[in-house]
Structures are given as structure tokens and as C-alpha cells.
Amino acid sequence: MQRLSIVHDPMIRRISTIEEPVMTEAVRRVSRAGNLAVRRVSHAGGEAVRRVSTATVRRVGRMSTVKTPDLQESPAEEMGKGLEDGVVIRNEAVSDVKDLAHIEVEEKDDRKTSQMGVFGWRPRFLECLNQPVIFVVFFGIGNLFTVMSFGVLSVYLTTLEKTFNLNSKETGVILLGNDISGLFASLILANYCSSKKIRWIAIGMFAVVLSCLLPAMATLFAEYPEMNKDAFVPSMEGIRGLCDLSEKGFGPPPQTDGSYAVRNHGLFWLFVAGSLVLGIGGSPPGIAGPTYMDEMYTQKEFGIAISLLYIITFVGFPISVLFAGASLDMYVTLDPPEGMNPSRPEWVGAWWLGFLVPAVVIFFVSFIVMLFPTQMPAAKRVLSDKIKKGITTAVEKKNELHRSILDITRDTIPVAKRILKNKSLNCLVFGDALVFLQIGSISYLPKMYAIAFRLGFSEVGTVIGVTNVVAFVLGLVLGGAIMRIKDWHPKKLLLIYAVAVLVSTPFTASLFYRCDSNTVGGVDIIYPNSNASTPAFLDTCNEDCKCNTVFPSFVCDTSDQTTYFSQCHAGCLGGELNDPADIKSGVKEYSECGCTAGKTVVPGECGSRCQTRLYISLTLSVIGTMINFSGYAAHATVYQRVVGEVDRTVAQGWRQFITRVLGTLPAPILFGYIIDNACTIWRTNFDGKQGNCWVYDLDSLLVWFVWVQIILRIGSSILYFAGWYLYPEPTQEELERYEGRAGSNGYEMERTDLKS
């Protein structure tokens with residue numbers, strides 16, 4: 001008994017020495033479960049706690065491994081219980097040490113994912129850019145020039161048709177390539193973009209750079225009119241293009257017969273390739289960009305942020321029109337041949353600048369965007385706001401951020417089922433498809449204004465560019481302000497957008513306020529003194545004149561305000577120069593015109609510019625566009641709320657897929673068919689092949705062009721209202737979270753942690 005007591009006493013002393021660190025461990029566990037401030041204090045003493053834990057482990061470990069004959073034979077239950085408690089304490093201490101190490105690793109990972117840099121390079125001087133608004137600006141600039149690279153096509157269409165001998169169906173293929181590749185890319189990449197969003201955005205932007213360089217390369221291989229000093233020498237006394245009744249004929253001017261365009265036709269595939277790459281590159285930014293922004297802005301802030309992004313992005317279209325108009329005033333080689341000027345039908349503008357400039361800018365912006373972190377520091381505050389509104393949970397958010405590629409692939413089918421069963425989302429998506437089908441007409445809008453108001457293509461670029469900038473900015477600012485007024489529930493936001501689309505629909509008819517249609521001889525009316533019962537482009541008065549339609553040279557018979565395709569088609573045999581001593585002074589009038597009533601014609605189309613009607617049309621267009629864009633911020637917010645947090649990128653991908661399949665993909669075909677169907681005079685090359693259209697039946701063209709858009713917008717409005725009706729009705733508690741005290745509890749925001 002004496003020996004047992006000797007052993008027992010040191011044992012008691014050893015166990016008693018454990019009580020103090022045990023208490024320390026208990027306090028530390030409580031502190032870790034507390035708020036963020038207390039936890040930070042506990043971490044500040046982490047090193048000391050770890051040392052105490054390590055010492056405890058060693059002491060208890062030694063005690064638990066003591067094996068003496070006395071202990072093995074002792075019947076004392078107290079001593080056995082003490083040994084068991086020691087082992088338990090040891091295990092708990094080891095577990096706590098592991099917890100501390102795990103927390104430390106997570107904190108380091110958190111800092112790594114929230115700092116700017118790439119591939120381990122994260123310099124401190126970049127942190128001044130680590131702000132949500134900086135990202136929005138750079139991302140917006142990238143989007144602006146992406147839109148610009150596509151928007152210049154709408155102004156370049158006529159130039160490309162002339163230079164590469166394209167018809168409207170072929171230009172439609174160029175426009176379609178972007179959507180064909182984009183629909184597959186959006187469907188495949190949507191789920192994967194939910195993780196590492198910023199990297200996917202940067203990769204997509206680099207692909208857009210390549211898509212711009214491909215069409216720009218076509219100018220390196222294309223042929224252009226090379227006018228020598230005799231190129232504009234007159235065919236007959238300083239006047240060219242007259243009716244040629246001689247057996248031999250004057251023939252076309254040297255190197256201006258349009259045959260270069262036929263030889264350029266094979267380069268058409270470079271434009272198709274560029275469009276295909278653009279569809280692939282444009283998908284990741286469109287899918288991941290809004291979702292990434294939703295993680296760094298609360299809902300009230302998101303409205304302003306997305307409006308700023310849209311302002312920068314959509315300004316790309318009018319800027320592209322302005323830039324394209326200015327570039328077309330420069331000759332394609334930047335050094336025009338002698339005698340060549342923009343007024344000549346053979347003129348080819350520097351179209352390639354519209355692709356090269358965006359490529360250079362996007363290339364540098366892509367590097368900056370790539371440096372932004374996976375999660376910005378503001379993400380914790382935003383997550384707190386979402387948790388209080390019941391939008392997501394911290395665990396759900398953590399799982400979204402740290403999913404592996406295998407996890408994402410495994411979740412594809414369950415996510416797809418959730419998306420397809422979401423009725424409100426699908427009403428919204430299919431409504432967008434009809435809107436995108438209508439928006440497809442924008443590519444042809446500069447051409448429509450040029451035809452309807454007799455504007456040059458550089459002029460129409462300026463007119464549409466300025467008015468659209470005003471409309472976009474006013475509408476988006478108004479929409480952002482509406483979002484900022486109140487933290488609306490998504491169901492109300494969807495109603496706001498549906499109303500905006502419906503109210504803006506009648507303003508689509510603004511093109512009806514156009515100039516009066518020209519009467520074209522041989523197309524709209526029968527030539528005077530003709531025996532034909534219906535209009536014929538070639539009649540007895542000009543059928544032997546060897547006229548062609550390679551290039552137009554419109555002339556006007558002022559006696560009856562009839563326009564003719566050319567002086568040759570008017571049957572003119574002579575003419576008078578402005579300065580008889582200068583054969584390059586220009587033609588004053590053409591004479592001896594057998595197909596006209598007045599026998600003389602003057603250069604140019606008949607009719608005035610009708611400036612008043614142009615101003616009325618543009619004003620109505622600005623109002624309609626402003627109303628429509630006032631709902632865009634609400635529209636973007638609904639897409640982030642109509643599905644679960646983890647399904648947001650998939651919803652964006654599903655939207656891109658459907659809007660391309662049913663919207664932007666068939667749009668060029670639909671409107672290209674409408675425009676081609678209204679053509680009355682086609683270009684016919686000297687090899688007999690049909691080229692682009694020169695003259696349209698304006699009345700038929702505008703009726704179909706406008707009414708199809710109106711019908712599509714009405715259909716989309718119906719679907720938006722259906723989506724609003726099917727959106728789950730919010731409870732009173734949810735409304736209070738959104739519109740009452742939501743976001744007011746600063747303490748709750750502060751203590752919520754992404755890693756909890």
C-alpha cells in the first residue's frame with residue numbers, strides 16, 4: 001500500500017497539472033465559436049496555444065504509456081479512470097492542433113483567392129485595383145470592343161459585299177458563324193464557368209482577339225482597284241458611262257470592272273472563321289461575368305453596377321458605327337490612287353481598321369482582367385446579405401467555389417433537370433429568344449436608314465451612333481436608379497422589365513417616318529414612248545446601249561422626278577461637263593436621253609433629304625430605346641435570383657443557348673430574306689454572276705422589316721408576363737427581408753464568414 005501510494009501521488013500531481021491547459025483549451029474552443037473579433041484575438045495567441053497543446057500531448061502521452069507491475073495489478077478504479085481521461089485529453093489536444101492548422105491553411109487560401117495576381121505572382125501594388133468598380137470598368141471596356149468588332153459589320157456590309165462579291169445570304173453566314181459556335185460553347189462551358197470565373201472570362205477575351213485578327217488578315221491578300229492616270233479618262237469627250245451604240249463599245253474603265261471582287265470571293269471564309277471564334281470566345285464572359293459581379297455587389301448595388309457595365313458595353317455599338325463610318329472615309333490602302341475619292345462607286349474604305357483596333361485593345365485588357373482574384377474582399381459582405389434574404393447559405397457558397405471538375409461533371413444532369421423544371425426561368429429565356437430575334441435586325445439598321453433617308457454610309461454611322469449613345473445611357477441610368485430606390489423582390493423586377501418591353505414596342509415603327517419613295521425608271525414605271533405593258537429595266541430605248549449593273553450611277557430626270565440607275569439606262573448619248581476645259585470637273589448634265597421624258601438628266605437621285613422626317617424618326621427611336629433599356633438592370637438581376645446560387649452560370653448558359661438557337665441564329669436569315677426579297681435591281685458582274693443588291697422596293701421592305709419586329713416584341717412581352725405570373729409568390733417575411741430591414745444589420749454582415 002505504501003508503494004502504491006507513492007506511485008499514486010505523483011500520478012495525481014501529474015493529472016492535476018493538466019487541469020490548467022485543459023481549461024485553456026476549453027476557453028479557446030469557446031472563443032473559436034464566437035464572433036469574428038473574438039476569433040481573431042484567439043488566432044493572435046495561436047502560437048502560444050499550440051505550444052501548450054503540444055506540451056499537453058507529450059505529457060499525457062508519456063503518462064498513458066506507463067506500464068508497471070504495480071499499475072497492472074492495482075485494483076484502483078480511480079487510477080484507471082485517470083489514465084483513460086488522459087488519453088482522451090491527448091486525443092482532443094491533437095484534434096485541436098489539427099483544427100488550428102486547418103484554419104490557418106484556409107485563411108491563407110482565403111487571402112490567396114482574394115488577392116490580385118496570377119500563377120503565384122501577387123504583388124502588393126496591384127491591390128489598389130482590387131475593387132469591384134475597377135473590374136466593372138475593365139470588363140466593360142473588353143465588352144465594348146468585343147461589341148465593336150461585331151458592330152462594325154453592320155456598317156461594313158455594303159463595302160464587304162462590293163469588295164468580296166458577297167450577297168446578303170453570304171453576309172448572313174458571316175453573322176451566323178458567331179451564333180453557331182457560341183451555342184455549343186455556352187452549353188458545354190456553362191457549368192464549368194461556375195468555378196474560377198475570372199479565368200474563364202480572361203480566356204474568352206483572348207479568343208476574341210483571335211476572332212478579330214482573322215478577318216483583318218483578309219486585307220493582306222485582297223485585290224483593290226488600282227487606278228492609273230488614265231483610269232478616269234473619259235470614254236467620250238470627258239463623259240463616261242453613256243449609251244454605247246457602237247459595235248465595239250467603250251467597255252468599262254481600266255481596272256474598275258469589279259472583277260477584283262470576284263477574285264476576292266475566296267477570302268470570305270476568313271470572315272466566317274473569325275465569326276466562329278468570336279462565338280466561342282464571347283461565351284465565357286457572357287456567362288461568368290454577371291455572376292462574378294453578383295458576388296461582389298448586393299442587390300441594390302448590383303442594379304447600378306450592371307447598368308454601368310451595360311452603358312460601357314452597349315456604347316460599343318454606336319461607337320462601332322461612328323468608327324466604321326470614319327474608317328470608310330479613308331481608302332483601304334490608306335493611300336488612294338490619283339483621282340479616287342469617297343464619292344466614286346469604286347471607292348473601298350479602310351474596313352480592316354474596325355477589326356484591328358479592337359484586337360489590340362482587348363489583348364491588353366485581357367491581361368488586366370486575368371489578374372483579378374477568384375473572390376474579391378467584398379464577397380463576404382455580399383454573402384451575408386444573401387444569407388439574410390434566404391438566397392443562399394455559407395455552406396452552399398463554399399461548395400460552389402471549391403467544386404472540382406469531376407464534381408461539376410457529375411452534377412451536370414441534376415443541374416439540367418432543375419433548370420428545365422424552372423417554369424419562370426424558361427418563360428424568361430424564351431422571351432429573350434424572341435427579343436434577340438428582333439434585335440438581329442440591328443445589323444441591317446444602318447443600311448435601312450441609308451435607304452429610307454438617302455444618307456451616305458459615313459453619315460448614317462454618325463447619325464445612328466450619336467442617337468443610340470444618348471438612348472442607351474439615359475435608359476440604363478434610369479434603370480439603375482429604379483433599382484437603387486428600393487430593394488425590390490425579383491418578382492417585381494420581372495414585372496418592371498415586362499412592362500418596359502411592351503411600352504417600347506410601338507416606337508419600333510419609327511422607320512415609317514421616312515422619305516418618299518423614289519420612282520425608278522424601268523422598275524416602278526414604264527419608260528416614256530415604250531410599247532411595253534409592264535416596266536422593263538432594259539427596253540427598246542436602251543437595250544442596245546451595252547449597259548451593266550456592276551456599279552450604280554444614279555441620274556434624275558427633273559421634269560418628272562424619275563430616277564434612273566445610270567445615264568446608260570436612261571439612254572443618254574451625250575452630256576456637258578461643269579468645266580469643258582477639265583475632263584475631271586464632273587458632269588453637269590447628260591443629254592439626248594431616249595428613255596426619259598425630259599431628254600436630259602442630272603447626276604444623283606431625285607428627291608430631297610427630308611431632314612424633318614429624319615429627326616422625327618430618330619426622336620421616336622431614342623424614346624423607345626430608352627424605355628426598353630430602362631428595364632435591363634432589373635432583367636439582369638432576375639436571372640441571378642430565379643435559380644439557386646449554384647445554378648446561376650448554368651442558367652446564363654441555357655439562356656445563351658436558347659437565344660442563339662431561336663434568336664440570333666435565325667435572325668440574319670430572316671431579315672436577310674426580307675431585304676433580298678425586296679430587291680429590284682441586282683448587281684450582275686461581267687462574268688454573269690449575281691452580286692449584291694443596288695435598288696430596293698422601299699415600301700415593301702419597310703412594311704415587312706418593321707412589322708416582323710413589332711410582332712416579335714409583343715410575343716416576348718407575353719412570355720415575360722407569364723414568367724412573372726409563374727414566379728413563386730414571396731411570403732411576407734421574404735418581402736420584409738428585401739424591402740424592409742434587409743441589409744441593415746451591420747453586425748450580422750461582419751460576422752458571416754465564407755469559410756464557416
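Excluded from the calculations below are hydrogen atoms, water molecules and symmetry mates; all remaining heavy atoms, backbone and side chain alike, are included.
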(message) Consider side-chain contact (heavy atoms from CB on, under 4.5 Å). Of T467, V473, L474, which one does V470 pass it with?
(response) L474

(request) Can you establish whether the number of heavy atoms outside F184 located under 6.0 Å from its atom CZ is more than 12? (result) no

(request) Enter the distance from L493:CG to T637:OG1 here, rounded to the nearest 0.5 Å. (result) 6.0 Å

(request) Look at the side chain of N426 and the backbone N and O of N422, then say whether any donor-acceptor pair between them is shorter than 3.5 Å. (result) yes

(request) Before giving the answer on side chain to side chain contact (heavy atoms under 4.5 Å, CB included), spell out for V435 and L712 the whole-Å C-alpha distance, their side-chain angles and the decisive distance to 0.1 Å. (result) CA-CA 7 Å; V435 168; L712 291 173; over 6 Å; no

(message) Any heavy-atom pair between the side chains of F145 and C212 that's under 4.5 Å?
(response) no

(request) For the residue pair P285 and V369, establish whether any side-chain heavy-atom pair is separated by less than 4.5 Å. (result) no

(message) Is it the case that atom OH in Y725 sees more than 12 heavy atoms from other parts of the structure closer than 6.0 Å?
(response) no

(request) Please name the pair of heavy atoms, one in G631 and one in Y497, separated by the smallest distance, quoted to 0.1 Å. (result) O-CD1, 3.1 Å

(request) State, yes or no, whether a side-chain contact exists between F135 and I201 at a heavy-atom distance under 4.5 Å. (result) yes

(message) Working to the nearest 0.5 angstrom, can you tell me the gap between D516 CG and D699 CG?
(response) 9.5 Å

(message) Does the plane of the ring in Y639 sit parallel, tilted or perpendicular to the ring in H635? Use 30° and 60° as the thresholds.
(response) perpendicular

(message) Do Q640 and Q652 have side chains that approach each other closer than 4.5 Å (heavy atoms only, starting at C-beta)?
(response) yes

(request) For N143 and I312, run side chain to side chain contact (heavy atoms under 4.5 Å, CB included): C-alpha distance rounded to whole Å, both residues' side-chain angles, the deciding distance at 0.1 Å, then the answer. (result) CA-CA 8 Å; N143 286 350; I312 300 173; over 6 Å; no

(request) Please answer whether the main-chain N or O of T505 pairs with a side-chain N or O of T508 as donor and acceptor at a distance below 3.5 Å. (result) yes

(request) Measure the CG-OG distance between L478 and S307 for me, rounded to the nearest 0.5 Å. (result) 9.0 Å

(request) Report yes if the side chains of F271 and E170 come closer than 4.5 Å at any heavy-atom pair, otherwise no. (result) no

(request) Determine, using ring centers only, whether F139 and Y292 are less than 6.0 Å apart. (result) no

(message) When you measure from the side chain of S275 to the backbone of V272, do you find a donor-acceptor pair of N or O atoms at a distance under 3.5 Å?
(response) no

(message) Using only atom types and a distance under 3.5 Å, with no angle test, would you say the side chain of R418 pairs donor to acceptor with the backbone of D647?
(response) no

(request) Check whether more than 12 heavy atoms from other residues, nucleotides or ligands sit under 6.0 Å from atom OH of Y673, and answer yes or no. (result) no

(message) For I482 versus W488, what's the shortest heavy-atom pair and its separation?
(response) O-NE1, 3.1 Å

(request) Taking the side chain as every heavy atom from C-beta outward, state whether L276 and N178 have any pair of such atoms under 4.5 Å apart. (result) no

(request) Report yes if the side chains of L437 and P666 come closer than 4.5 Å at any heavy-atom pair, otherwise no. (result) yes

(message) Can you tell me if Y513 has over 12 outside heavy atoms packed within less than 6.0 Å of its OH?
(response) no

(request) Return the minimal non-hydrogen interatomic distance between V429 and T659, and the atom names on each side. (result) O-CG2, 4.1 Å

(message) To the nearest 0.5 Å, what is the distance between NZ on K197 and CZ on R648?
(response) 5.5 Å

(message) Could you check whether any side-chain N or O of K491 sits under 3.5 Å from a backbone N or O of W724, counting only pairs where one atom can act as donor and the other as acceptor?
(response) yes

(request) In sequence, state the C-alpha distance, the side-chain angles, and the governing distance for M448 and L701, and then conclude on side chain to side chain contact (heavy atoms under 4.5 Å, CB included). (result) CA-CA 9 Å; M448 298 302 297; L701 176 59; 3.5 Å; yes

(request) For T649 and I287, work out which heavy atoms get closest and say how close. (result) O-CG2, 3.4 Å

(request) Determine whether Y297 and V136 make a side-chain contact, defined as any pair of heavy atoms from C-beta on separated by less than 4.5 Å. (result) yes

(request) Classify the angle between the aromatic ring planes of Y632 and F314 as parallel (below 30°), tilted (30 to 60°) or perpendicular (above 60°). (result) perpendicular

(message) Closer than 3.5 angstrom, by distance alone: can the side chain of S621 be matched with the main-chain N or O of S617 as a donor-acceptor pair?
(response) no

(request) Give a yes or no on whether the backbone of I627 and the side-chain of S630 come within a donor-acceptor separation of less than 3.5 Å. (result) yes

(message) Please check this pair: side chain of R613 against backbone of R514, looking for a donor-acceptor N/O pair closer than 3.5 Å.
(response) yes

(message) Run V499 and Y720 through side chain to side chain contact (heavy atoms under 4.5 Å, CB included) and show every step you take.
(response) CA-CA 9 Å; V499 171; Y720 290 142; over 6 Å; no

(message) So, taking the atom named OG in S441 and the one named CD1 in I674, what distance separates them when rounded to the nearest 0.5 Å?
(response) 9.0 Å

(request) Could you tell me which non-hydrogen atom of F355 sits nearest to which non-hydrogen atom of Y156, and how far apart they are? (result) CE1-CD1, 4.2 Å

(request) Only one of V415, I413, T409 passes side-chain contact (heavy atoms from CB on, under 4.5 Å) with D411; say which it is. (result) V415

(request) For side chain to side chain donor-acceptor pair (under 3.5 Å), just list the numbers for Q709 and R713, CA-CA rounded to whole Å, side-chain angles, deciding distance to a tenth of an Å, and then say yes or no. (result) CA-CA 6 Å; Q709 293 186 66; R713 291 188 68 82; over 6 Å; no

(request) State, to 0.1 Å, how close G142 and M205 come at their nearest heavy-atom pair, and which atoms those are. (result) CA-CE, 3.6 Å

(message) Could you measure the distance from the CE atom of M293 to the CG atom of L309? Nearest 0.5 Å is fine.
(response) 5.0 Å

(message) Keeping S424 on the side-chain end and G723 on the backbone end, is there a donor-acceptor pair under 3.5 Å?
(response) yes

